[in-house]
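The first residue in the sequence is number 1, and the count goes up from there.
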Amino acid sequence: MAEMTGVNIRLAVMSEKSDPPIYIRPEIRAVPAYRQGAVPTTPGFKLSSNENPFPPQPAVVKAVAEAPLSRYAAPAMPALRAAIGAQFGFDDDTSQARVHLGAGSVSILFQLVQAVAGPGDEVVFAWPSFEAYPLLGIASGATSVRVPLTDTAEHDLEAMSAAVTGTTRAVLLCSPNNPTGPIITRDAFREFMASIPSDVLVVLDEAYREFVTDPDAVRGEDEIHRYENLAVLRTFSKAYGLAALRIGYGIGHPAIWEAARVTGIPLSISPQAERAALAALEPETREAILSEVIALADRRDALAADLRSIGYSVPHAQGNYVWLDLGERASALGERFAAEGILVRPFPDLGVRISVGEPESIPEVLRIATDFQAQDGR
Ligand SMILES: *Cc1c(COP(=O)(O)O)cnc(C)c1O
């Protein structure tokens, strides 16, 4: 049995898709699976998945260590939902209905799209944007509609609005956009919402909200009280540095979350994740985390400015990453970084996304980027 598994794994690695011994839906076979950032090499830096370079807060580590391994998390997690809801101005009761927890906000994205979009239905999103978006509708049979970004790497909200038809069931907005960096402005967001039928779900994915310093950016806290068809998504993975624990949340109308619970995988959130999130939201710990976030935003701004000064085109960077708009040179720069032990995320023929990492990584990134520009620049 063990040998068989070994053979199968080797086959799976050799060819993108192996011959299945069982029936698999053709629409599933046709699609490549989500690809994560590469594995780290030592020594070197992993700047490929927008993770938080700071060590975890001691209070969070303690909470995780004390959480039981042999138990599922208690259902509903009222204390965590109340703590999250309070940040959106909700009292306890409202929080219980309007805050939804998931094993990462990616899992909430899957729940939502599967709940609203079936065969023949459309899901509209900008492109390039979060690499998981094209996968969300595959299992339910929905169709992805990708709307190109503007030439400043922002959402083209007019074109997205025009792409909404009678069969559109969801629109996904990502602010700041991963991988390119720019935010959606509050004014543009409101204009967009006014143009969208009120029974179409709009998801505002704010995975990097905490890093935003642009005062004109849309903020889920302000908008959630205005629209019943809006779901705001946040995560503990990025600013809060809990990517490994898999916990994120959504804010929105109670009926949206009743539907999401139907399509969600039960028992996915661990007690470790629940306790860690609660500990992270304790005022003192949260303040310490948010001061790290400020340091990262400053580091990002300095990195973006330095990269521009050596000739790179870097769009408005508002997450914990910068985007180098490189077109066909993207893969070459990605390989150059990899050869030096630094993992970044190249998007072939588009650009390279570099996460803002440890302070020591910054001079290395600039050195390699400068060399590349000197040798391969124009
Ligand atoms: C990282 C990321 C997420 C979600 O991460 P989780 O770890 O699943 O919470 C969601 N959206 C975007 C745009 C991201 O970059």
Connected via hydrophobic side-chain network under 4.5 Å: [X] and [Y]:
X	Y	answer
Leu136	Trp257	yes
Trp127	Ile183	no
Ile368	Leu326	yes
Val202	Phe88	yes
Met77	Leu278	yes

Within-4.5 Å side-chain heavy-atom neighbours: [X] and [Y]:
X	Y	result
Leu109	Leu233	yes
Arg169	Leu201	no
His225	Tyr227	no
Phe45	Val365	no
Arg300	Asn320	no
Phe54	Ile289	no
Thr143	Val123	no
Gln375	Thr370	no

Any idea which heavy atoms bring [X] and [Y] closest together, and the distance?
X	Y	result
Val352	Gly334	CG2-N, 4.3 Å
Ile269	Ala73	O-CB, 3.5 Å
Ser313	Pro315	O-CD, 3.8 Å
Leu149	Pro128	CD1-O, 3.3 Å
Gly181	Pro176	O-CB, 3.3 Å
Pro271	Pro68	CG-O, 3.7 Å

| field | Asn177 vs Ser129, side chain to side chain donor-acceptor pair (under 3.5 Å): CA-CA, chis, key distance, verdict | value | CA-CA 6 Å; Asn177 188 49; Ser129 191; 2.6 Å; yes
Could you state the interatomic distance from [atom1] ([X]) to [atom2] ([Y]), rounded to the nearest 0.5 Å?
X	Y	atom1	atom2	result
Arg336	Ser331	CZ	OG	13.0 Å
Asp349	Glu328	CG	CD	7.5 Å
Leu157	Asp187	CG	CG	11.5 Å
Arg261	Gln111	CZ	CD	10.0 Å

| From CA spacing to verdict: side chain to side chain donor-acceptor pair (under 3.5 Å), Tyr312, Asp325 | CA-CA 7 Å; Tyr312 286 93; Asp325 190 355; over 6 Å; no
| field | Check against side-chain contact (heavy atoms from CB on, under 4.5 Å), Leu296 and Asn52 | value | CA-CA 9 Å; Leu296 283 170; Asn52 192 318; 4.0 Å; yes
| Pair Glu51-Lys46, salt bridge (Lys or Arg N to Asp or Glu O under 4.0 Å): steps then yes or no | CA-CA 9 Å; Glu51 294 141 329; Lys46 182 171 186 282; 3.0 Å; yes
| query | Yes or no on salt bridge (Lys or Arg N to Asp or Glu O under 4.0 Å) for Arg234 and Glu210, after CA distance, side-chain angles and deciding distance? | reply | CA-CA 9 Å; Arg234 300 274 177 88; Glu210 294 86 353; 5.1 Å; no
Pair [X] + [Y], salt bridge at N-O below 4.0 Å:
X	Y	value
Arg219	Glu223	no
Arg299	Glu292	no
Arg367	Glu340	yes

Atom [atom1] of [X]: over 12 foreign heavy atoms under 6.0 Å:
X	atom1	result
Arg25	CZ	yes
Glu158	CD	no
Ile265	CD1	no
Glu27	CD	yes

Taking the six-membered ring where the residue is Trp, are the ring centres of [X] and [Y] under 6.0 Å apart?
X	Y	value
Tyr133	Phe130	yes
His155	Phe125	no
Tyr321	Phe211	no

| Between Ser355 and Asn50, does a side chain to side chain donor-acceptor pair (under 3.5 Å) hold up when you go through it step by step? | CA-CA 5 Å; Ser355 307; Asn50 296 344; 2.7 Å; yes
| said: Under 3.5 Å, is there a donor on one side chain and an acceptor on the other for Ser198 and Glu228? | reply: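 Ser198 vs Glu228: no donor-acceptor pair found between side chains.
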| field | Donor on one side chain, acceptor on other, Thr185 and Asp216, under 3.5 Å | value | no
| side chain to side chain contact (heavy atoms under 4.5 Å, CB included) partner of Ile251, the single match among Ile224, Leu230, Leu204 |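 Among Ile224, Leu230, Leu204, the one that satisfies the side chain to side chain contact (heavy atoms under 4.5 Å, CB included) with Ile251 is Ile224.
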So does [Y] get a backbone contact from the side chain of [X], meaning a donor-acceptor N/O pair under 3.5 Å?
X	Y	result
Glu206	Val232	no
Arg345	Ser48	yes
Thr94	Phe90	no
Arg209	Thr235	no
Thr168	Ala170	no

| message | Here's a test for you: under side chain to side chain donor-acceptor pair (under 3.5 Å), which of Thr213, Asp214, Asp301 qualifies with Gln318? | response | Thr213
| message | Could you walk me through whether Asp92 and Gln96 satisfy the side chain to side chain donor-acceptor pair (under 3.5 Å) test, starting with their C-alpha distance in whole Å, then the side-chain angles of each, then the deciding distance to 0.1 Å, before giving a yes or no? | response | CA-CA 6 Å; Asp92 191 7; Gln96 303 311 319; 2.8 Å; yes
| query | Do Met160 and Ile196 pass the side-chain contact (heavy atoms from CB on, under 4.5 Å) test, and can you show the C-alpha distance, the side-chain angles, and the key distance before you say yes or no? | reply | CA-CA 10 Å; Met160 292 183 77; Ile196 299 298; over 6 Å; no
| request: Please work out whether the ring planes of Phe236 and Tyr249 are parallel, tilted or perpendicular, with thresholds of 30° and 60°. | output: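 Rings of Phe236 and Tyr249: tilted, 30 to 60°.
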| task | Please test Arg190 against Arg226 for side-chain contact (heavy atoms from CB on, under 4.5 Å), starting from the C-alpha separation and ending with a verdict. | result | CA-CA 10 Å; Arg190 290 183 183 174; Arg226 300 168 58 99; 3.5 Å; yes
| query | Which is it for Leu307 and Ile310 under the side-chain contact (heavy atoms from CB on, under 4.5 Å) test, yes or no, and what are the steps along the way? | reply | CA-CA 5 Å; Leu307 288 165; Ile310 56 177; 4.3 Å; yes
